[in-house]
Amino acid sequence: MTEEAAQSLAERKMQFLYALRSKGVTDARVLTAMEAVDRGPFIRGLFASRAYEDMPLPIACGQTISQPSVVGLMTQALEVQSRHKVLEIGTGSGYQAAILSKLARRVYTIDRHRRLVQEARDIFEAQGLSNITAVTADGSFGLAEQAPFDRIIVTAAAEDPPGPLLAQLKEGGIMVLPVGQSDAVQHLIRVRKTANGLEYDELRAVRFVPLLEGLGKET
Ligand code: SAH
C-alpha cells in the first residue's frame with residue numbers, strides 16, 4: 001500500500017468511528033470493539049471499497065451486512081459483559097459476531113445458509129477469533145444444547161420474538177431483535193427476562209431482511 005493509500009484508509013476508519021458516535025454509539029467498550037474489528041474482510045467483491053461507510057451492503061446469498069451504526073446500537077442495547085455467553089441468530093457476514101466476540105466470553109452464531117457460515121468461519125479463523133462457534137441451522141429454534149444464554153441478538157426480522165429464543169434466555173438476560181413484517185415498518189426491541197416475566201422496550205425503527213424458516217436452498 002502506498003503512503004497515500006494508507007493515509008486515506010486511516011482517515012476513512014476515523015470517519016467510520018466518528019459516524020458511529022454521532023449516531024448514538026457512545027458506549028466505550030462497544031466503540032473499542034468496533035475499532036478492533038475491521039469491517040473490510042467481511043465484505044467481498046464489488047462493495048469492498050465501501051466497507052467504512054455507514055451503510056448496509058449486499059453479501060452472498062442475497063443477504064446484507066447491517067449498517068455499522070445499527071450494529072453498534074444493537075450491541076450497546078445488549079449490555080454484554082465479559083463473562084457472558086451470547087447467541088446470535090443471522091450470522092450473515094460474521095461482522096456482528098466478531099464484535100460480540102471482543103465483548104463476551106463465548107459467542108454462538110447461527111445462519112440458515114451454509115455458505116455464509118463457512119465464509120464467516122474462515123474469517124474468524126484468519127482473525128484469530130477463537131471464541132465464536134458458527135452453526136448452520138434454522139435459528140428460530142435457538143441452540144438448545146448450549147442454552148441458557150445471557151444475551152441473545154437476532155439480526156433478521158420476525159413478526160414476534162420466537163418462543164424457543166425467549167425460553168433459552170437466562171433470567172436476568174437481555175434479547176435485542178427487530179420485529180415487524182419484513183417490508184413494512186420494523187422496530188428494534190429489547191426484551192428483559194426478569195423474575196416477574198418479560199419486559200419490553202422499543203428502541204427505534206429499523207429495516208432488516210426477514211427471519212425465514214428452514215435452511216437456505218443451496219445447502
Ligand atoms: N448479522 C449479520 C447480518 C445478518 S443479515 C452481519 O453482521 O453481517 C440476516 C441473516 O439472517 C442472513 O444471513 C440470513 O440468512 C439469516 N437468517 C434469516 N432467517 C434465519 C433463520 N431462521 N435462522 C438462521 N439465520 C437466518
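As the structure lists them, so they are numbered: ligands from 1, and atoms in each ligand from 1. The analysis underlying the following values was restricted to heavy atoms, covering all of them including side chains, and did not include hydrogens, waters or symmetry mates.
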A.B. asks: Judged by atom type as modelled, is there a donor-acceptor pair below 3.5 Å linking the side chain of Q186 to the main-chain atoms of A158?
C.D. replies: no
A.B. asks: Looking only at protein heavy atoms, identify the closest one to atom 18 (C) of ligand 1 and say how far it is in Å.
C.D. replies: P210 O, 3.5 Å
A.B. asks: Ignoring hydrogens and angles, tell me if any N or O in the side chain of Q96 forms a donor-acceptor pair with the backbone of T155 under 3.5 Å.
C.D. replies: no
A.B. asks: Provide, to 0.1 Å, the distance between atom 5 (S) of ligand 1 and the closest protein heavy atom, together with that atom's residue and name.
C.D. replies: T64 O, 3.1 Å
A.B. asks: With side chain to side chain donor-acceptor pair (under 3.5 Å) as the criterion, how do T133 and R106 come out once you've worked through the C-alpha distance, each side chain's angles and the decisive distance to 0.1 Å?
C.D. replies: CA-CA 8 Å; T133 303; R106 200 91 194 70; 2.9 Å; yes
A.B. asks: Is F141 reachable from V154 through a run of hydrophobic residues whose side-chain heavy atoms are each under 4.5 Å from the next?
C.D. replies: no
A.B. asks: Among all protein heavy atoms in this structure, tell me which lies nearest to atom 11 (O) of ligand 1, with the distance rounded to 0.1 Å.
C.D. replies: G90 CA, 3.3 Å
A.B. asks: Evaluate the side chain to side chain donor-acceptor pair (under 3.5 Å) criterion for residues Y52 and D38: first the C-alpha distance (whole Å), next the side-chain angles of each, then the deciding distance (0.1 Å), finally the verdict.
C.D. replies: CA-CA 9 Å; Y52 308 110; D38 188 349; 2.4 Å; yes
A.B. asks: At less than 4.0 angstrom from any non-hydrogen atom of A156, what atoms of ligand 1 do you find?
C.D. replies: 11 (O), 18 (C)
A.B. asks: Considering the heavy atoms of I65, write down every atom of ligand 1 situated less than 4.0 Å from one of them.
C.D. replies: 8 (O)
A.B. asks: Check whether K85 reaches the backbone of Y108 with its side chain - one donor and one acceptor, N or O, closer than 3.5 Å.
C.D. replies: no
A.B. asks: Is there a path from V135 to L212 through hydrophobic residues (I, L, V, M, F, W, Y) whose side chains come within less than 4.5 Å of each other?
C.D. replies: no
A.B. asks: Between I59 and ligand 1, is there a nitrogen or oxygen pair with a distance under 3.5 Å?
C.D. replies: no
A.B. asks: Say whether L212, considering both its backbone and side-chain N or O atoms, lies within less than 3.5 Å of an N or O atom on ligand 1.
C.D. replies: yes
A.B. asks: CG of L116 to CD1 of I110: how many Å apart, nearest 0.5 Å?
C.D. replies: 14.0 Å
A.B. asks: Within the 4.0 Å heavy-atom shell around V209, which atoms of ligand 1 are there?
C.D. replies: 5 (S), 9 (C)
A.B. asks: Taking NZ, NE, NH1 and NH2 as the nitrogens, is one of them in R112 or D138 under 4.0 Å from a carboxylate oxygen of the other?
C.D. replies: no
A.B. asks: Suppose we measure from atom 12 (C) of ligand 1 to each protein heavy atom; which comes out shortest, and what is that distance?
C.D. replies: Q63 OE1, 3.2 Å
A.B. asks: Under 4.0 Å from a heavy atom of S93: give me the atoms of ligand 1 that qualify, with their elements.
C.D. replies: 6 (C), 7 (O), 8 (O)
A.B. asks: Just let me know how T91 lines up against ligand 1, side chain, backbone, both or neither, with a heavy-atom cut-off below 4.0 Å.
C.D. replies: backbone
A.B. asks: Calculate, to the nearest 0.5 Å, the distance between atoms CZ and OG1 belonging to R121 and T136 respectively.
C.D. replies: 5.5 Å
A.B. asks: Just say parallel, tilted or perpendicular for the rings of Y95 and F42, cut-offs at 30° and 60°.
C.D. replies: perpendicular
A.B. asks: Looking only at distances, please establish whether an N/O atom of ligand 1 is found under 3.5 Å from an N/O atom of S66.
C.D. replies: no
A.B. asks: Of the side chain and backbone of A97, name the one, both, or neither that has a heavy atom under 4.0 Å from an atom of ligand 1.
C.D. replies: neither
A.B. asks: Out of all atoms in ligand 1, which are within 4.0 Å of some heavy atom of L116? Include the element for each.
C.D. replies: 13 (O)
A.B. asks: Which residue and non-hydrogen atom of the protein lie closest to atom 7 (O) of ligand 1, and at what distance in Å?
C.D. replies: Q96 N, 3.0 Å
A.B. asks: Checking R151 against F149: charged group under 6.0 Å from the ring centre and within 45 degrees of the axis?
C.D. replies: no
A.B. asks: Whether the side chain of R29 engages the backbone of V80 through a donor-acceptor N/O pair (distance < 3.5 Å, no angle test) should be reported.
C.D. replies: yes
A.B. asks: Counting each atom of ligand 1 from 1 as listed, which ones have a heavy atom of L211 under 4.0 Å away?
C.D. replies: 18 (C), 19 (N), 20 (C), 21 (C), 22 (N)
A.B. asks: Compare H113, E213, R112 and give the one whose heavy atom is closest to atom 20 (C) of ligand 1.
C.D. replies: R112
A.B. asks: When you measure from atom 23 (N) of ligand 1 to every protein heavy atom, which one gives the shortest distance, and what is it?
C.D. replies: G139 N, 2.7 Å
A.B. asks: What atoms of ligand 1 come within less than 4.0 Å of a heavy atom belonging to D138?
C.D. replies: 21 (C), 22 (N), 23 (N)
A.B. asks: Relative to the heavy atoms of I110, which atoms of ligand 1 are at a distance of less than 4.0 Å?
C.D. replies: 24 (C), 25 (N)
A.B. asks: Considering only non-hydrogen protein atoms, determine which one is nearest to atom 15 (O) of ligand 1 and report residue, atom name and distance to 0.1 Å.
C.D. replies: D111 OD1, 2.7 Å
